[in-house]
Amino acid sequence: PRIEMQERWYNYICEEFVPRLLEINREQGDDHTGKILTGGASMGGGHAVNFFLRRPDIFNGTIALSGLYSSGMFFGGYMDDLVYRNSPCDYMRNFPTTHPYMKLFEKADHDAFDLFGVLGADANAFTSFTQTSYLFSTTAHLHESLDVLLDFVFDPYFTEQTVDKEKGIIGQEIRMYADSPDNRLYMGTLGNLYPEDPVKIDIAGSEDSIAKITPELLYQIHRTFYQPGNMNLFVVGNLEPDRVVEWVQANQTLANWPAAPLPVHTFAPVDPQASDVVPFATLEMPVARPKAMIGLRGISDFESGQERLRFVQAIGMALELLFDDTSENYLRMYNEEVLDDSFGFGLEIERGFHFATFASETNRPEAFADAIIDILRRAPGELDAARDQFEAIKRGQVGRLVACLDSPEQIANRFSGHLFDQATIFDELASLESITFADLQNAVAQLIVPQRLSAFFVLPEGKQEV
């Protein structure tokens, strides 16, 4: 896939090209040493900013003109970890309020972000609806980097000054996303699917909600959620597992964990049967072309993480059979100008809820909605007609999963802890290879119910329903 090629190119620039570039410059004398400035325009501006934000230990600044800073233009509504890591508008907004960018790892006497830089590690963090992740990748100094990670996660530092500063930054980001058509399309769809539930609230919060954040509140949140029993540590690479365990144990030897009950993870929708789904809504914004998204809310209650994993894999293959850019459905809609190459689809699953989305820019939003909903209504028959393609689709998914084994970052970021019963990528492979066509049919029967479908359009200003 394109995003995997993008990540390989990113790693090549950071891990091979830049070190060689610096080496060549050092050979020219002391006046040729220092950090590098990135620059670019349009799509290049997006790359320039992405490099700078992800590797400030390498790049000293950036000049970007008319950049494209969101992956939405290239992948529509589709999102996975690699797309996320190459979409500055997405990962910048989801940095936790406790550790915002540049002061993300601030301590009383030092900045842990600087420590990662000194060690040559690429550090980051992001927040989803149900979890916050802190991560780093490195080719050396694993032990030291692991100590830095553990120390700043378990020993936070908040002051009135740092909190007030970051509330201002986050407020600006909230306003920026209020002006983002892609974000409003996505959040509008969630508002339709979960009109009475907190899922409809943007992860960044609102300006009113962040105004109430204090250092005391952040420390209380840290005491509640940042407990070893409520966390996972996942390390992958060319390492000795027993030694890594020894390092972690040594790091935690002096830790003083006060007795506290683990948080109870619950999410119970106001209407478990999803009869409160809003079928249709629109929003006018200053956009050149309409944007449309179809949402489909699932209500399945899974008995185990393994069952949830099999459901995700089966739905992934089913949607690929129905909507992949080589499918008859996609080619027909493309030729009819119902959608374009911004079209994306996918299933999102979190603790307690899951939903599918289908999105595209289109001059014919109503025709797009009608076409997608019609395909979903006829999904059992559509799948049966494409039965002979099942094995090819399955092999393709297995191949892409095997390709992830080349990337330690992908292996680590795929790990979802309790969501899939601690399944690793090897468990995913075994599960995927066991999926049958009957599993696809059963998963589709569980997910696709017409009454749980919703359409949301972002329309040009002054252009009512089209």
Side-chain angles (χ1 to χ4, degrees), residues 69-73 75-79 83-84 87 89-90 93-94 127-130 173-209 267 269-271 274-299 338-340 342-350 353-373 376 449-466:
Y69 308 117
S70 170
S71 63
M73 176 167 288
F75 296 96
Y78 177 75
M79 180 64 69
V83 174
Y84 181 90
S87 184
C89 284
D90 288 298
R93 69 182 289 245
N94 286 335
T127 298
S128 72
F129 285 105
T130 58
E173 293 176 355
I174 290 172
R175 291 190 291 274
M176 178 188 72
Y177 272 86
D179 292 333
S180 166
D182 289 327
N183 185 67
R184 298 296 294 274
L185 180 71
Y186 179 75
M187 295 308 303
T189 302
L190 290 189
N192 280 2
L193 295 178
Y194 298 92
E196 305 297 330
D197 299 300
V199 181
K200 69 178 181 179
I201 302 173
D202 195 289
I203 297 170
S206 66
E207 292 190 75
D208 288 339
S209 67
F267 174 75
V270 171
D271 185 348
S275 58
D276 59 347
V277 169
V278 177
F280 178 68
T282 64
L283 173 69
E284 291 189 8
M285 293 188 71
V287 295
R289 296 181 66 204
K291 296 175 179 284
M293 179 174 282
I294 305 301
L296 174 59
R297 176 172 161 182
I299 63 170
V338 170
L339 53 73
D340 59 20
S342 68
F343 176 68
F345 60 89
L347 176 74
E348 293 190 45
I349 189 162
E350 299 270 5
F353 63 95
H354 58 280
F355 57 91
T357 56
F358 312 83
S360 181
E361 288 192 2
T362 173
N363 292 323
R364 305 175 60 195
E366 285 192 334
F368 172 81
D370 289 344
I372 297 296
I373 292 173
L376 292 172
V449 175
Q451 290 75 19
R452 300 202 297 263
L453 283 162
S454 178
F456 191 91
F457 299 162
V458 172
L459 302 175
E461 289 178 332
K463 191 170 185 178
Q464 298 296 328
E465 191 172 325
V466 291

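Computed from a predicted model, the values in this text were never measured in an experiment. Hydrogens, waters and symmetry mates play no part in the numbers below; they use all other heavy atoms, side chains included.
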Test log, rule side chain to side chain contact (heavy atoms under 4.5 Å, CB included), inputs Asp202 and Asn183: CA-CA 9 Å; Asp202 195 289; Asn183 185 67; 3.6 Å; yes
Arg184 and Lys291: CA distance, side-chain angles, deciding distance, side chain to side chain contact (heavy atoms under 4.5 Å, CB included) verdict: CA-CA 10 Å; Arg184 298 296 294 274; Lys291 296 175 179 284; over 6 Å; no
Verdict with supporting geometry, Phe456 and Val278, side chain to side chain contact (heavy atoms under 4.5 Å, CB included): CA-CA 10 Å; Phe456 191 91; Val278 177; over 6 Å; no
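Looking at Thr282, its side chain never comes within 3.5 Å of a backbone N or O of Phe457 through a donor-acceptor pair. Checking side-chain atoms of Lys200 against main-chain N and O of Pro195 turns up a donor-acceptor pair under 3.5 Å. In this structure a side-chain-to-backbone donor-acceptor pair under 3.5 Å is missing from Gln451 to Ser275.
How far CG of Leu296 is from OG1 of Thr189: 12.0 Å, rounded to the nearest 0.5 Å. Between the CZ atom in Arg289 and the CG atom in Asn363 there is a gap of 4.5 Å [rounded to 0.5 Å]. A distance of 12.0 Å separates CZ of Phe355 from OG of Ser454, quoted to the nearest 0.5 Å. Here the CG atom belonging to Leu193 is positioned 10.5 Å from the CZ atom belonging to Arg452, to the nearest 0.5 angstrom. Interatomic distance, Leu185 CG to Met293 CE, rounded to the nearest 0.5 Å: 4.5 Å. Atoms CE and CD, on Met285 and Glu461 in that order, are 8.0 Å from each other to the nearest 0.5 Å.
Not counting sequence neighbours, the partners of Ser360 by the side chain to side chain contact (heavy atoms under 4.5 Å, CB included) test are Leu339, Asp340, Ser342, Phe343, Phe368. Listed by chain and number, the residues in a side-chain hydrogen bond (donor to acceptor under 3.5 Å, both in side chains) with Thr357 amount to none (sequence neighbours excluded). The side chain to side chain contact (heavy atoms under 4.5 Å, CB included) search around Ile373 returns Ile294, Arg377, Leu453, not counting sequence neighbours.
Leu190 has its side chain within reach of Phe129: a pair of non-hydrogen atoms, C-beta onward, lies under 4.5 Å apart. Side-chain atoms of Phe345 and Ile372, non-hydrogen and from C-beta on, never get closer than 4.5 Å to each other.
Taking every heavy atom of both residues into account, Val458 and Pro181 meet most closely at CG2-O, 4.0 Å. Considering every non-hydrogen atom in both Asn192 and Ala455, the closest pair reads ND2-O, 3.3 Å. Ser128 and Ile203 get closest at one heavy-atom pair: C-CD1, 3.7 Å. Taking each heavy atom of Ala288 and Pro460 in turn, the nearest pair found is O-CG, 4.1 Å. The two atoms that bring Gly205 and Ile174 nearest to each other are O-CD1, 3.6 Å, heavy atoms only. Closest heavy-atom contact between Asp197 and Pro269: OD1-CA, 3.3 Å.
A salt bridge links Arg297 with Asp276: the distance from a Lys NZ or Arg NE/NH1/NH2 to an Asp or Glu carboxylate oxygen falls below 4.0 Å.
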